[in-house]
Amino acid sequence: MNQVRVRFAPSPTGYLHIGGARTALYNWLFARKHNGTFILRIEDTDAERSTEESIKEILDGLTWLGLAWDEGPYFQSKRIKDHQAAAEKLIETGHAYKCFCTKEQLDAKRLKAQQAKIDYKYDGTCRALSPDVVAQREQQGLPSVVRFKIPQQSGCVAFDDKVYGHIEKQFDDIEDFVILRSDGKPLYLLSSAIDDVTDRITHVIRGQDGLGNTPKQILIYNALGYTPPIFAHMSLTLDTRKAKISKRKHGEVVTVAYYKERGFIPWALCNFLALLGWSTPDDREFFSREELIDAFSLEGIARHNSIFNYNPDDPNNWTDPKAINMNARYISMLRLDEIIPYVREELQAVGLWDSAYDNEKKLWFDTIIELIRTRVHTIKDFATKGRPYFSDDFLFEEKAVKKNLQKDANLKNYLPQLAEKLDSLDTFDLKTTENTIREICEELTIKPGLLINAVRTAVTGQSAGPGLFEILVALGKQKTIHRIHKALDLV
RNA sequence: GGUCCCAUCGUCUAGUGGCCUAGGACGUCGGCCUCUCACGCCGAAAACACGGGUUCGAGUCCCGUUGGGACCA
């Protein structure tokens, strides 16, 4: 049994988008599942559009997602000579030929065919040129492309796609396609096939947009005497209008980098992406890395395209709601030590980190994270919603102030009384704080909710959050008292 | 225009001829819990694109139509 070798081969012409990440993920999963090799190949033959910056973004994105490659990155631009040599060999063995037809000639033929309502296909004018004529024209300096020779007989190329099943393409429906341009540059079709041979790729797992190219590539493999790899074409990810996703149209929301910025846990994104067009017969939706590797199979890939459900007009959902939900669930489900590194990084970035959180204040810090983790959607929220827990410098939400502090003018009297009572407490724990507040409410004959909500807003600036007594204990007596007094200005 | 691919709730999907009165998840709405919010739990609305076959029986097989997508031009 041959070692499984798969590759992710992006063009470095922009950013790493979620569709690309999904392709990389499926390849990575397949490699891991079969103890194979995951190869990264940068298809940078389009020198004008390829950028260093883009290469970096691809590498960074994959690294962040945790999709480590075993080999590479290889650069296609460094192998152009191999592609040209392959074209040369195809000519020598009679599988390809030089074509001197000019663009004008071809355009004229196409136009004529159109007018006559006949399907246009290259007519093979140069197919039977004798070697003498070819040599003669080359001496004249006439430019030529190299075309692949499609068998002129009835028959077809067939292959079994792991996702789409048996696929056949009639020779008659394929024209003698170009494999080398007149300036000597190989076409993608040729380059990627040759590179896959060079990299000894066993399974080509790529987007469904490659399906149409596959028969041609198989013809190339066969002509060169190579065994074609196994193909698995995956459905595409489209937007809600069923168009291909692109940064130009959708903005950063389709880039992997953006999810890092916005506080995603990398594996949560992977899990979400895995489920966009792949599923298991059971109802599982959450997979650990190992579970997903174990469950993954090419056969589970959907044949229909799936839609990335992002609606730019919905202010509540800055990306697909399912992705947000999944991230939130991961934040509340994971072991604390699995999410704390991300939280630390975020707090450090905004200057809220205290090195004591790793040492003497670790227990306290863990409590806080535990307290708010079920209420956040992204890692970013720990620094925004969570700010009052890590800093005295926090904002009061206008709505919260109105609703909880300015609801009853008597709070102006109640709150100082409460502060005084709390201050006299010897032990400041869940029980004593709760008793104190409930007692004072009884004495004043007011609903506990009034005071509880008021205090929550006083000490956090927010109207929503963890249970009040947990908050108070976490904050400690001094901060609690201080913040209650300070908030009186707003009452 | 040619070739190919696809079609189940708004979205992701289960479903491979009878377990389908079509299941799950997200989202939406309602309820419980409750000091708020979230979590959790309970519940509701919500889909087999259409038309023909085949079959005792079709979401499931075949053909056509429509719609969408990809590739080539």
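Numbered from 1 within each chain, the chains take letters A, B, ... in sequence-line order.
Contacts of I307(A) with the nucleic acid, taken as non-hydrogen atoms under 4.0 Å apart, involve only primed sugar atoms and P, OP1 or OP2. Residue R110(A) is classed as a sugar-phosphate contact, given heavy-atom separations below 4.0 Å to backbone atoms only. Note on K447(A): nothing from the nucleic acid sits closer than 4.0 angstrom, heavy atoms only. Among the heavy atoms of the strands lying under 4.0 Å from P466(A) is at least one base atom, whether or not backbone atoms are also near. Within the 4.0 angstrom heavy-atom criterion, only backbone atoms of the sugar-phosphate kind lie near P321(A); the bases stay farther away. Looking at heavy-atom distances under 4.0 Å, F308(A) makes no contact with the nucleic acid at all. Within the nucleic acid shown, G277(A) comes within 4.0 Å of sugar-phosphate atoms alone, with no base atom in reach, counting heavy atoms only.
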Protein-nucleotides 38-40 of chain B N/O pairs under 3.5 Å:
unit_1 : atom_1 : unit_2  : atom_2 : d
A38(B) : O2'    : T374(A) : O      : 2.1

What are the atom names and distances for every N/O pair under 3.5 Å that joins the protein to nucleotides 1-7 of chain B?
unit_1 : atom_1 : unit_2  : atom_2 : d
U3(B)  : O2'    : K169(A) : NZ     : 2.4

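Rounded to whole Å, atom P of C71(B) lies 16 Å from atom CD of E175(A). As a whole-Å value, the separation of L472(A) CG from U36(B) C1' is 13 Å. Summarising the geometry, the separation between CD1 on I324(A) and C1' on G27(B) is reported as 11 Å, rounded to the nearest angstrom. One can place CZ of R456(A) at 15 Å from P of U34(B), the figure rounded to the nearest angstrom. Between the CD atom of E470(A) and the P atom of U34(B) there is a distance of 15 Å, given to the nearest Å. As rounded to whole Å, 13 Å separates atom C1' of A25(B) from atom CG of L276(A). One interatomic measurement links the two molecules: CD1 of I471(A) to P of C37(B), which rounds to 13 Å at whole-angstrom precision. To the nearest angstrom, P of U13(B) lies 13 Å from CZ of F287(A).
The gap from the P atom of C26(B) to that of G18(B) amounts to 29 Å, rounded to the nearest Å. The same atom, P, is picked in U16(B) and in A7(B); the two are 15 Å apart, to the nearest Å. Comparing the C1' positions of A73(B) and A14(B) gives an interatomic distance of 40 Å, to the nearest angstrom. Atom P of C9(B) sits at a distance of 7 Å from the matching atom of A49(B), rounded to the whole Å. The separation of A38(B) from G30(B), taken at their P atoms, amounts to 12 Å, rounded to a whole angstrom. When the P atom is compared between U21(B) and A47(B), the two are found 16 Å apart, to the nearest whole Å. Taking atom C1' on both nucleotides, C48(B) is separated from A58(B) by 11 Å, rounded to a whole Å. For the P atom pair drawn from G64(B) and G10(B), the interatomic distance equals 28 Å after rounding to whole Å.
With respect to R329(A) and E285(A), no salt bridge is recorded, no charged nitrogen being found less than 4.0 Å from a carboxylate O. The pair D282(A)-R284(A) meets the salt-bridge criterion, since a charged nitrogen lies less than 4.0 angstrom from a carboxylate oxygen. D196(A) and R41(A) are joined by a salt bridge, as a carboxylate oxygen and a charged side-chain nitrogen come within less than 4.0 angstrom of each other. With respect to K121(A) and D173(A), no salt bridge is recorded, no charged nitrogen being found less than 4.0 Å from a carboxylate O.
Both R241(A) and S279(A) lie close to RNA chain B; mapped to their nearest nucleotides by heavy-atom distance, the more 5′-ward contact belongs to S279(A). The residue among F272(A) and K216(A) whose nearest nucleotide of RNA chain B is located toward the 5' end is F272(A).
Pair check for U55(B) finds none; no Watson-Crick or G-U wobble contact set falls under 3.5 Å. Partner assigned to U34(B) is none, using Watson-Crick or G-U wobble distances below 3.5 angstrom. Base-pair partner of G1(B): C72(B) (Watson-Crick or G-U wobble, both distances under 3.5 Å). Nucleotide C29(B): paired with G43(B) (Watson-Crick or G-U wobble, both distances less than 3.5 Å). Remark: G67(B) base-pairs with C6(B). Criterion, Watson-Crick or G-U wobble with two distances under 3.5 Å. Across the strands present, C20(B) finds no partner; the criterion is a Watson-Crick or G-U wobble pair with both atom distances under 3.5 angstrom.
Using cut-offs of 30° and 60° for the angle between ring planes, the F394(A) and F396(A) rings count as tilted. In this pair, F148(A) and F177(A) present their aromatic rings parallel. The plane angle is below 30°, not in the 30 to 60° band.
Distance from the side chain of D209(A) is smallest to A70(B) among C72(B), A14(B), A70(B). Nearest nucleotide to the side chain of A464(A), out of C35(B), U36(B), G69(B): U36(B).
Of the listed residues (W318(A), Y258(A), F272(A)), just one forms a ring-ring contact (aromatic ring centres under 6.0 Å, His included) with F264(A), and that residue is W318(A).
In this structure a side-chain-to-backbone donor-acceptor pair under 3.5 Å is present from N327(A) to G263(A).
Side chains of Y164(A) and Q208(A): a donor on one and an acceptor on the other come within 3.5 Å. Between the side chains of Y414(A) and D408(A), no donor-acceptor pair of N or O atoms lies under 3.5 Å. Counting only N and O atoms by type, the side chains of T214(A) and R206(A) include a donor and acceptor under 3.5 Å apart.
Cation-pi check for K33(A) over F296(A) is not met; the charged atom does not lie both under 6.0 angstrom from the ring centroid and within 45 degrees of its normal.
In terms of phosphate contacts, S306(A) brings no side-chain nitrogen or oxygen within less than 4.0 Å of OP1 or OP2 of C12(B). In this model, the phosphate group of G10(B) is not approached by any side-chain N or O of K322(A) to a distance below 4.0 Å at OP1 or OP2.
Summarising the local packing, CZ of R49(A) is surrounded by 12 or fewer heavy atoms from other residues, nucleotides or ligands at distances under 6.0 Å.
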